[in-house]
Protein chains: 2
Amino acid sequence: MTADAAQEPRTTPECPATPSAVLDGPVSHAISRVSRLHRIAAGRVLRDLGLHPGQEFVMMQLWDSGAVRQSELIKAVGLDPSTVTKMLQRLEHSGHVRRRPDPADRRASLVEATDTSCGLLVEVRKAWGELERQTLDGLDASERTELARLLGKVEATLCAEVTRGGATECDAALKGPAAC
Amino acid sequence: MTADAAQEPRTTPECPATPSAVLDGPVSHAISRVSRLHRIAAGRVLRDLGLHPGQEFVMMQLWDSGAVRQSELIKAVGLDPSTVTKMLQRLEHSGHVRRRPDPADRRASLVEATDTSCGLLVEVRKAWGELERQTLDGLDASERTELARLLGKVEATLCAEVTRGGATECDAALKGPAAC
DNA sequence: CCCCATTACTTGGCCGACCAAGGTAAAATT
DNA sequence: AATTTTACCTTGGTCGGCCAAGTAATGGGG
């Protein structure tokens, strides 16, 4: 094995007592890991469509809302404005999105999905159905609704926590069912 | 060009019927949103410690395991090797981590947390406790265990799905309690 | 003994995502 | 009417994260 001068496989260097199991207890880690795996799965089903994970979020919003002010889009997806700007630049360059100045407000932009992107709509919807299936494959109906409910609660909690001391975001993200 | 003749504020371009509510139904979106909020919250509690969200994952692993081969670390955290490499470069530059060649294998590296990083250990642990509290604030005890259980199941499912057709990863991520 | 597959890591490129700071235009105040 | 404030977006920088490709060393057949 590793012929090191120190022969004892010290589990901890000189650090104070390490209660171990720091990594499995917290739900926080589970969220991170699940999110990462989910993103990878998303990337896999979206790859053939020429979309990168995260973009489908924006496109779905645009397909759903039609032409909107960019600020509205930003509120809807709940992301940082700069993030949306750069994503839109790439989506525009890919031909999925069109932007034009808002005649009513010269600093604003109107964003909409292009006609050619409509073909994508169907496939993205299908891909997301597949992703959803993959995600919830091991859960029965009641577990699924329960998971959705719990995630909604956590989202609301975190939203309140994050908003506190920050900007007023994610009010649009928590629309319909679960109030914020 | 920019002068468009369309004056009507069409809610949807020419796309086929948009069943709407594409965004709230799927658990997938909930996962994404919760993950994002959670990451922001993590960044907030870690900011004063000089760590970026994601790094605490690696550091905790190192504090827990002591000096390890980089490949072991990679398997443990379940991230892409290149991701870990770059993270370690930054952590090394920050003085939190030390790397040295493995005498037994000249292509491998041994990684360990530095002594100075041990002070961080306590604070990171505290910060993660706070984060966990913030995350689960709105849930009672039974809901918390249920959420953990469901996330574990989803993780296992996604893990299997992602592993299928890809590399053999995330077996180490699903260690202790929940089998993969 | 040499060749070749495997392992271990690095580099480069790209994207999502954040923050911080900037610039321009509309709205609010004075 | 002039000035301040606020809103809307953009740019630059940094990180986490992926993939794809490359380098170097180990180890297993022929």
Side-chain angles (χ1 to χ4, degrees), chain A residues 2 32-33 35-44 46-47 50-59 68-75 77-94 99-111 162 165-169, chain B residues 32-33 35-44 46-47 50-59 68-75 77-94 99-111 162 165-170:
Chain A
T2 51
S32 304
R33 287 197 301 253
S35 166
R36 172 181 163 267
L37 291 173
H38 183 267
R39 193 178 191 83
I40 292 178
R44 202 157 290 190
L46 287 173
R47 168 167 248 147
L51 283 183
H52 296 271
Q55 296 184 332
E56 84 283 2
F57 221 111
V58 169
M59 291 309 297
V68 279
R69 248 202 182 75
Q70 186 165 325
S71 56
E72 292 300 314
L73 176 63
I74 288 172
K75 277 199 304 182
V77 298
L79 296 175
D80 191 272
S82 63
T83 300
V84 176
T85 294
K86 291 169 188 172
M87 271 173 86
L88 286 178
Q89 289 172 345
R90 283 156 191 155
L91 285 171
E92 188 173 28
H93 186 263
S94 308
R99 285 192 303 174
R100 83 194 110 135
D102 184 347
D105 188 340
R106 278 196 297 174
R107 55 203 165 139
S109 287
L110 291 179
V111 192
V162 165
T168 311
E169 311 175 38
Chain B
S32 304
R33 286 197 302 253
S35 166
R36 171 180 165 267
L37 291 172
H38 182 267
R39 192 178 191 84
I40 292 178
R44 201 157 291 190
L46 288 174
R47 166 167 250 147
L51 284 183
H52 296 270
Q55 295 184 332
E56 83 283 0
F57 222 111
V58 171
M59 291 309 297
V68 279
R69 249 203 182 75
Q70 187 166 325
S71 56
E72 292 301 314
L73 176 62
I74 288 171
K75 277 198 305 182
V77 298
L79 296 175
D80 191 90
S82 62
T83 299
V84 176
T85 294
K86 290 171 189 171
M87 271 171 87
L88 286 178
Q89 290 172 344
R90 284 157 191 154
L91 285 172
E92 188 172 29
H93 186 263
S94 308
R99 284 193 302 173
R100 87 192 106 129
D102 184 345
D105 189 338
R106 277 196 295 175
R107 47 198 173 143
S109 287
L110 291 179
V111 193
V162 165
T168 311
E169 310 174 40
C170 66

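Since the model is a prediction, treat every value here as computed from it, not as a measurement.
Between A/Ser32 and B/His38, some side-chain heavy-atom pair lies under the 4.5 Å cut-off. Considering only heavy atoms from C-beta on, B/Leu88 comes within 4.5 Å of B/Arg99 through its side chain.
Spacing between atom CD1 of B/Ile40 and atom C1' of C/dC19 amounts to 11 Å, rounded to whole angstrom units. At whole-Å resolution of the value, CD in A/Glu92 and P in D/dC9 are 13 Å apart. We find that NE2 of A/His38 is positioned 15 Å from P of D/dC18, with the value rounded to whole Å. One interatomic measurement links the two molecules: CZ of A/Arg100 to P of D/dC9, which rounds to 14 Å at whole-angstrom precision. Protein atom CZ of B/Phe57 is 16 Å distant from nucleotide atom C1' of D/dC15, rounded to whole Å. A/Asp102 places its CG atom 15 Å from the C1' atom of C/dA27, with the value rounded to the nearest Å. Between the CE atom of B/Met87 and the C1' atom of D/dT14 there is a distance of 14 Å, given to the nearest Å. The CG-P distance, from B/Leu91 to D/dC15, rounds to 10 Å in whole Å.
In plain terms, the two heavy atoms of A/Val58 and A/Met87 that are nearest each other are CG2-CE, 3.5 Å. Shortest non-hydrogen contact noted between B/Pro53 and B/Leu46 is CA-CD1, 4.1 Å.
Atom CD1 of B/Ile74 and atom OG1 of B/Thr85 lie 5.5 Å apart (nearest 0.5 Å).
When each of A/Pro53 and A/Arg106 is assigned the nucleotide of DNA chain C with its nearest heavy atom, A/Pro53 is the one assigned upstream, toward the 5' end. Map B/Arg47 and A/Arg39 each onto its nearest nucleotide of DNA chain C; the residue landing nearer the 5' end is A/Arg39.
For the pair B/Glu92 (side chain) and B/Arg90 (backbone), a donor-acceptor distance under 3.5 Å is absent. A/Glu72 contributes no side-chain N or O that, together with a main-chain N or O of A/Arg69, makes up a donor-acceptor pair within less than 3.5 Å. In terms of modelled atom types and a separation under 3.5 Å, the side chain of B/Arg47 and the main chain of B/Ala42 share no donor-acceptor contact. At distances below 3.5 Å, not a single donor-acceptor pair connects side-chain atoms of B/Thr83 with backbone N or O atoms of B/Leu79.
Residue A/Arg36 places at least one side-chain N or O closer than 4.0 Å to OP1 or OP2 of D/dC18. Considering only side-chain N and O atoms, B/Thr83 lies under 4.0 angstrom from the phosphate OP1 or OP2 of D/dC18.
Comparing the end axes of the helix from C/dC1-D/dG30 to C/dT30-D/dA1, each fitted to five base pairs by superposing C1' atoms of four pairs onto the next four, gives an inter-axis angle of 0° (nearest 10 degrees).
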Which nucleotides of nucleotides 6-14 of chain C have their base under 4.0 Å from a protein heavy atom (B), which only their sugar-phosphate (S), and which neither (-), written as one string 5' to 3'? -BSSBBBB-
